[in-house]
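Residue numbers start at 1 and run along the sequence shown.
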Amino acid sequence: MAVASVRTRGLCGVDAPEVTVEVHVAGGLPGINIVGLADTEVREARDRVRAALQNAHFDIPPRKVTVSLAPADLPKESGRYDLPIALGILAATGQLPADDLAPYEFAGELALTGELRAIRGALAMVLSARHDGRAFVLPTASAGEASLVCDAKVLAAPTLLAVCAHLTGQSILPALTAAAPPISSTRGPELADVRGQPGGKRALEIAAAGGHSLLLIGPPGTGKSMLAQRLVPLLPAMTDDEALEAAAIASLAGQFRPGRFRERPFRAPHHTASAVALAGGGSVPRPGEISLAHHGVLFMDELAEWDRYALEVLREPLEAGVVHISRAARQSEFPARFQLVAAMNPCPCGWLGHASGRCGCTAERVARYRRRISGALYDRLDIAIEVPSVTATELARRAPHKVAPNVPGERDAPAVLIDDDSADPTTNSVRARVVAARERQLRRQGKPNARLEAPELDRHARRTSEAERVFASAMSRLSMSARGYHRAVRVARSIADLAERDTIDAAHAAEAIGYRRILAGG
């Protein structure tokens with residue numbers, strides 16, 4: 001047979017459109033020609049494939065081989081096309097039964113010896129192909145992550161010869177089934193380890209309950225970073241769809257770790273990171289930090305020290321939950337439904353409001369420092385709170401939880417924290433309230449409060465007349481925008497959910513407005 005077709009997948013953002021590898025063998029100058037908008041990595045496949053076929057003891061006829069990657073207008077990149085190209089050549093030259101290729105899709109990079117190497121984006125490809133009814137053949141190193149898709153059939157192949165043996169019925173490739181990865185025994189940071197800061201802990205609980213963004217302002221060493229690191233342990237467990245979406249993005253970036261499946265991401269890029277590092281991009285667009293934080297937390301420390309252009313890329317994703325990347329050759333879209341937690345000093349020297357009184361910054365310098373962050377970005381934040389310096393008495397106070405002794409005979413078993421919420425809240429007690437509040441939101445509206453659209457607020461965030469007067473007064477006094485007003489209502493809805501109230505009252509509204517005072521003055 002002179003023509004053969006093999007199915008595989010490309011990558012376009014988190015989508016993996018189907019690609020058909022068509023191979024034609026005819027007379028002419030010997031060689032392998034690859035067409036179909038292939039980049040350098042794909043064009044180099046002709047040398048890898050030739051060497052792999054020779055080392056696997058297959059015949060390469062001295063004829064002209066044309067490989068077409070369809071559709072022709074979809075850019076193709078990476079070495080994932082090596083395996084389907086090799087199989088197409090074998091089928092077109094009659095060394096493999098062409099009809100036996102139809103029930104499968106293939107992807108994998110070939111070593112010169114014929115071994116299959118791991119590829120980037122395997123999980124995203126299988127996620128897109130799971131409803132097509134075909135089995136997906138992948139390198140053994142990549143099949144494990146792809147098998148997390150429960151309704152897909154994934155076959156793990158170590159070498160090109162193993163794939164050929166499977167197709168000819170000489171042996172069977174192992175089929176990997178979805179199995180929950182082992183649960184990590186490590187515990188997240190404990191909220192009770194943060195001494196003092198009752199206001200910061202309350203803001204953290206509200207942010208976790210409703211999925212709100214949070215800004216922490218305070219002098220160095222007051223616990224801003226500690227509070228930010230304790231948000232993820234307070235959040236509800238990920239759903240199956242959320243876990244797969246987050247894992248697929250990590251797979252695109254080559255950062256997926258099976259042992260961390262179902263753990264919400266926590267990304268903390270350095271303040272020197274560029275706009276492209278945050279939003280994603282490149283000649284072949286890849287996800288940035290805000291997409292890698294999808295369904296998790298993005299922590300941006302030293303917010304005022306970031307490049308202003310980099311900060312501005314946060315504005316659209318905070319509203320829309322997606323990132324659109326446009327380049328001359330292609331456009332890609334990555335999800336970015338993340339929770340932003342930012343921290344910054346109150347002034348250039350950092351000591352404004354500290355008990356030592358050592359700050360010498362003038363009001364003008366402080367105002368100029370805070371204006372490094374645009375008003376448009378301030379307006380898109382939900383909660384802002386000052387984190388004051390901690391007293392020696394608060395630091396000396398013992399943590400409000402005790403450790404239960406290990407079970408006899410289990411010396412290596414992790415210690416168990418027993419909640420004692422009398423002084424400061426612990427992670428377990430706060431998380432229980434957060435989970436209960438989030439469940440109320442899902443029953444009522446099907447999504448967290450932070451994602452409520454403006455038209456939905458009248459239906460799901462009913463206010464008493466007293467609460468309406470509080471909001472109206474604050475909107476006039478603080479010169480709040482319509483966006484700021486809606487964000488304050490969403491925060492008040494989360495406060496009411498934590499209090500197990502169906503209606504927002506004046507106290508809930510007043511607390512929510514209090515978290516916008518700094519933003520309004522920013």
Check your understanding: So R440 and Q445, side chain to side chain contact (heavy atoms under 4.5 Å, CB included) or not? Walk me through it.
Key -> CA-CA 9 Å; R440 288 172 61 90; Q445 65 221 16; over 6 Å; no
Exercise for review: Could you check L244 against F261 for side chain to side chain contact (heavy atoms under 4.5 Å, CB included), going step by step and ending with a plain yes or no?
Suggested key: CA-CA 8 Å; L244 285 174; F261 184 62; 4.1 Å; yes
Practice item. Go through the steps to decide whether D497 and R438 satisfy the test salt bridge (Lys or Arg N to Asp or Glu O under 4.0 Å), and finish with yes or no. Key: CA-CA 8 Å; D497 285 331; R438 190 68 71 93; over 6 Å; no
Exercise for review: Take T426 and V430, measure what side chain to side chain contact (heavy atoms under 4.5 Å, CB included) needs, and give me the verdict at the end.
Suggested key: CA-CA 6 Å; T426 61; V430 174; over 6 Å; no
**Study point:** Derivation and outcome, side chain to side chain contact (heavy atoms under 4.5 Å, CB included), residues V154 and V149
**Key:** CA-CA 9 Å; V154 178; V149 183; over 6 Å; no
Point to revise | Residue pair R43, D39: steps toward the salt bridge (Lys or Arg N to Asp or Glu O under 4.0 Å) verdict | key: CA-CA 6 Å; R43 290 194 299 271; D39 72 356; over 6 Å; no
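Side-chain contact check for L148 versus F256: some heavy-atom pair is nearer than 4.5 Å. Under the 4.5 Å side-chain criterion, counting only non-hydrogen atoms from C-beta, I217 is not in contact with L303. H271 places none of its side-chain heavy atoms less than 4.5 Å from the side chain of M300. Taking the side chain as every heavy atom from C-beta outward, I85 and I34 approach each other to under 4.5 Å. Counting heavy atoms from C-beta outward, R50 and I32 have side chains that approach closer than 4.5 Å. Here the side chains of I290 and F334 are not in contact, with every heavy-atom distance at 4.5 Å or above. Side-chain contact between V6 and V23 is absent, with no heavy-atom pair separated by less than 4.5 Å. Residues L53 and L110 form no side-chain contact, since every pair of their non-hydrogen atoms from C-beta on lies 4.5 Å or further apart.
Between the side chains of E245 and H294, a donor-acceptor pair is found at a separation under 3.5 Å. Side-chain contact check for S494 and H212: at least one donor-acceptor pair (N or O, by modelled atom type) lies under 3.5 Å. Donor-acceptor pairing under 3.5 Å is lacking for the side chains of T20 and E22. Side-chain contact check for N449 and R444: at least one donor-acceptor pair (N or O, by modelled atom type) lies under 3.5 Å. Using modelled atom types, one finds a donor on one side chain and an acceptor on the other under 3.5 Å when comparing S374 with E312. No side-chain donor from either of Q331 and S326 sits under 3.5 Å from a side-chain acceptor of the other.
Checking side-chain atoms of S291 against main-chain N and O of P335 turns up a donor-acceptor pair under 3.5 Å. Judged by distance alone, with hydrogens and angles left aside, the side-chain atoms of K153 form no donor-acceptor pair with the main-chain N or O of A175 at under 3.5 Å. At distances below 3.5 Å, not a single donor-acceptor pair connects side-chain atoms of D307 with backbone N or O atoms of T272. A donor-acceptor contact shorter than 3.5 Å links the side chain of T168 to the backbone of A165. Side chain of R286 to main chain of G281: no donor-acceptor pair is present (N/O by atom type, distance under 3.5 Å, no hydrogens or angles). For S213 (side chain) and Q339 (main-chain N/O), no donor-acceptor pair under 3.5 Å exists by modelled atom type.
For the pair E190 and R230, the salt-bridge criterion is not met [side-chain N within less than 4.0 Å of a carboxylate O]. Looking at E242 and R264, a side-chain N of the basic residue comes within less than 4.0 Å of a carboxylate O on the acidic one, giving a salt bridge. Between R433 and E205 there is a salt bridge, with a side-chain nitrogen of the basic residue lying less than 4.0 Å from a carboxylate oxygen of the acidic one. We find that D301 and K224 are not joined by a salt bridge, their nearest charged nitrogen and carboxylate oxygen being 4.0 Å or further apart. The existence of a salt bridge linking R483 and E319 is confirmed by a sub-4.0 Å separation between a basic side-chain nitrogen and an acidic carboxylate oxygen. Using a 4.0 Å cut-off between charged side-chain N and carboxylate O, D132 and R9 make a salt bridge. R134 and E105 are joined by a salt bridge, as a carboxylate oxygen and a charged side-chain nitrogen come within less than 4.0 angstrom of each other.
In terms of heavy atoms, A343 sits closest to F299 at CB-CE1, 3.9 Å. Nearest approach of A253 to P287, heavy atoms of both residues: CB-CG, 4.2 Å. Here the closest non-hydrogen pair linking L123 and S251 is N-OG, 3.6 Å. Residues S147 and L176 share a closest heavy-atom pair of CB-CB, 3.6 Å. Summarising the geometry of A141 relative to A118, their closest heavy-atom pair is CB-CB, 3.7 Å, with the distance given to 0.1 Å. Of all the heavy atoms in C164 and L90, the pair that sits closest is SG-CD1, 3.7 Å.
Here D15 contributes atom CG and M125 contributes atom CE; the two are 13.0 Å apart, rounded to the nearest 0.5 Å. Going from atom CG of L37 over to atom CG of L69 covers 9.5 Å, rounded to the nearest 0.5 Å. A distance of 11.5 Å separates CG in L96 from CD1 in I89, rounded to the nearest 0.5 Å. Of the inter-residue distances, the one linking L298 atom CG with L292 atom CG reads 10.0 Å to the nearest 0.5 angstrom. Rounding to the nearest 0.5 angstrom, the gap separating the CD atom in E115 from the CG atom in L161 is 10.5 Å. Here L83 contributes atom CG and F106 contributes atom CZ; the two are 6.5 Å apart, rounded to the nearest 0.5 Å.
The residue from E145, E109, E77 that alone fulfils the salt bridge (Lys or Arg N to Asp or Glu O under 4.0 Å) condition with R120 is E77. When each of R117, R48, R46 is tested with D82 by the rule side chain to side chain donor-acceptor pair (under 3.5 Å), just one qualifies, namely R48.
The local environment of CZ in R260 is sparse, with at most 12 non-hydrogen atoms from other residues, nucleotides or ligands closer than 6.0 Å. Surrounding CD of E500 are at most 12 heavy atoms belonging to other residues, nucleotides or ligands under 6.0 Å away. Other residues, nucleotides and ligands contribute over 12 non-hydrogen atoms within 6.0 Å of the NZ atom of K201.
In terms of the salt bridge (charged side-chain N to carboxylate O under 4.0 Å, His left out) criterion, R490 has no residue partners (sequence neighbours excluded). Partners of R267 according to the salt bridge (charged side-chain N to carboxylate O under 4.0 Å, His left out) rule, which considers only residues two or more places apart in sequence or in another chain, are E289. For the salt bridge (charged side-chain N to carboxylate O under 4.0 Å, His left out) test, residues two or more places apart in sequence or in another chain that qualify with E305 are R372.
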